[in-house]
Amino acid sequence: MDLLKKCRVYTRTDEIRDARLYPYYPSFQGPSGGGRAALDGAEVCMLASSDYRALSTNVEVVGAAQDAIALYGTSAAGTRLLSGNLDLHEELEADLAGFFGYEAALVFATGYMTNLGVVSGLAGDGDQVYLDERAHASLVDGARLAKASGAAVREFGHASPGELARQLASAPTRSVLVVTDGLFPVEGCLAPLAELLAVCEEYGATLLVDDSHGVGVFGLGRGVIQHLGLEGRVPMMTLSFGTSLASQGGAVLADAKTIDFLRHVCRPQVFSTGLSPADTAAAHAALREIRRRADGEPDALAAAVHLRRALDALGYDVAGDAGAHVPVRFSDEVTMLAAQRLLVDHGVFTTVRPPACEGFELMLTCTDAHSPDMLEAVIGVFTALRDDLLSHYRRAA
Ligand SMILES: Cc1ncc(COP(=O)(O)O)c(C=O)c1O
């Protein structure tokens, strides 16, 4: 049997292309992190970027990346363990730990690698991993690796501390890692962290929160843990730098002994080139900027509230009520893809659900760069297209 046969018979994307509905790998000409972007020669309102604080084009952040390249070159040029460790990495780690209230931090080359490395580095033979069933793919993949080295892996119902408690009550071991996102963008909701923490404390389990979508946005930039008043109580937190920190990379925050352990055993850390100087410096400058602005709620949140209410009032099926995201549900894949194409043709760029994921949402993501005028223009497009978009619902229903 030819291994590559599955690729040759893979026609799903051809069908979508033939229908002129292919939405993946859009090729932007210029920055895609701001409120506007250039796509196929036209300007679109960009509602698909995770650059929540609009810092990827900020002059301080860009300048820090340029300076780092001038001083350190383009690459860390080795694994941090052996040769690619820079003072830039260590300075960022010290500031991340201080800002988020942990003893220590460890920076990785991506958020995905952070979660992969932390979950698989901590859980193995004799341990148990409990994942929220909607946890990010990188946490799931970390658990798959942990399973390969002997850990037992189970899922609990999305945002369901009650189900977690029932499962833990019948668990044969107390060596347990519980894993959840802090904010679930697709569902538009915060994790019930206080309740999850109470269950973990009762059963002696360790809670890991991936707050990639909460940092910079909630809790005066410190994220969902701070927002919910749980600072100092969640033993471990991870984040991607691809969101509010306007860069590439990721980090885990924990007590000093745990971080030291991970520094030496975590395979994505030990066997991969260190984060580049430019990415490290950009993330650090973005962190400083977020700290400087920590005096009120980000515009991104107010923009999302406004957009959510307006689309709901227009009769769209809007999910959730938290964060910078406005998920709009459609009944099936074709309807979702047709809606996305129609909106792009009218100058509004949203994301669709990736092919391998459940659900048929368009995701509208707000950032600090979305001015009231831009939002009114977007609402105007959704108003003008309402019958077209909603008739797709009805046809498919
Ligand atoms: C919740 C969450 N965690 C981790 C990641 C992975 O981070 P990165 O893009 O930095 O690899 C993402 C997506 O990008 C995410 O949404």
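Just follow the structure's listing: the first ligand is 1, and inside any ligand the first atom is 1.
- Among the atoms of S240, some N or O lies under 3.5 angstrom from an N or O of ligand 1.
- At a heavy-atom cutoff of 4.0 Å, ligand 1 is contacted by no atom of M113, backbone or side chain.
- Atom CZ of R267 has 12 or fewer neighbouring heavy atoms from other residues, nucleotides or ligands inside a 6.0 Å radius.
- Contacts with ligand 1 closer than 4.0 Å are made by no heavy atom of L139, backbone or side chain.
- Ligand-side atoms of ligand 1 in range of D210: 1 (C), 2 (C), 3 (N), 4 (C), range being under 4.0 angstrom from any heavy atom.
- Within a 6.0 Å sphere centred on CZ of R17, other residues, nucleotides and ligands contribute more than 12 heavy atoms.
- For ligand 1, the atoms closer than 4.0 angstrom to any heavy atom of H213 are 1 (C), 15 (C), 16 (O).
- Atom OG of residue S244 and atom CG of residue L239 lie 9.5 Å apart, to the nearest 0.5 angstrom.
- Against a heavy-atom cut-off of under 4.0 Å, N115 is close to the following atoms of ligand 1: 3 (N), 4 (C).
- For ligand 1, the atoms sitting less than 4.0 Å from at least one non-hydrogen atom of D181 are 1 (C), numbered in the order shown with element in parentheses.
- Among all heavy-atom pairs drawn from A76 and P277, the shortest one is N-CD, 3.7 Å.
- Taking the six-membered ring for Trp and the full ring otherwise, the centers of H284 and F241 sit at least 6.0 Å from each other.
- Within the structure, the closest approach of S138 to ligand 1 falls below 4.0 Å when heavy atoms are considered.
- Heavy atoms of G249 come nearer than 4.0 angstrom to ligand 1 in at least one pair.
- Taking a 4.5 Å side-chain heavy-atom cut-off between Ile, Leu, Val, Met, Phe, Trp and Tyr, the cluster of L116 extends to Y112, L145.
- Checked for salt-bridge contact, E60 and R288 miss the test: no charged N lies under 4.0 Å from a carboxylate O.
- With respect to E289 and R292, a salt bridge is recorded, a charged nitrogen being found less than 4.0 Å from a carboxylate O.
- Near Y112, with a cut-off below 4.0 Å to any heavy atom, the atoms of ligand 1 are 6 (C), 7 (O), 8 (P), 11 (O).
- Ligand 1 has an N or O atom lying under 3.5 Å from an N or O atom of G111, backbone or side chain.
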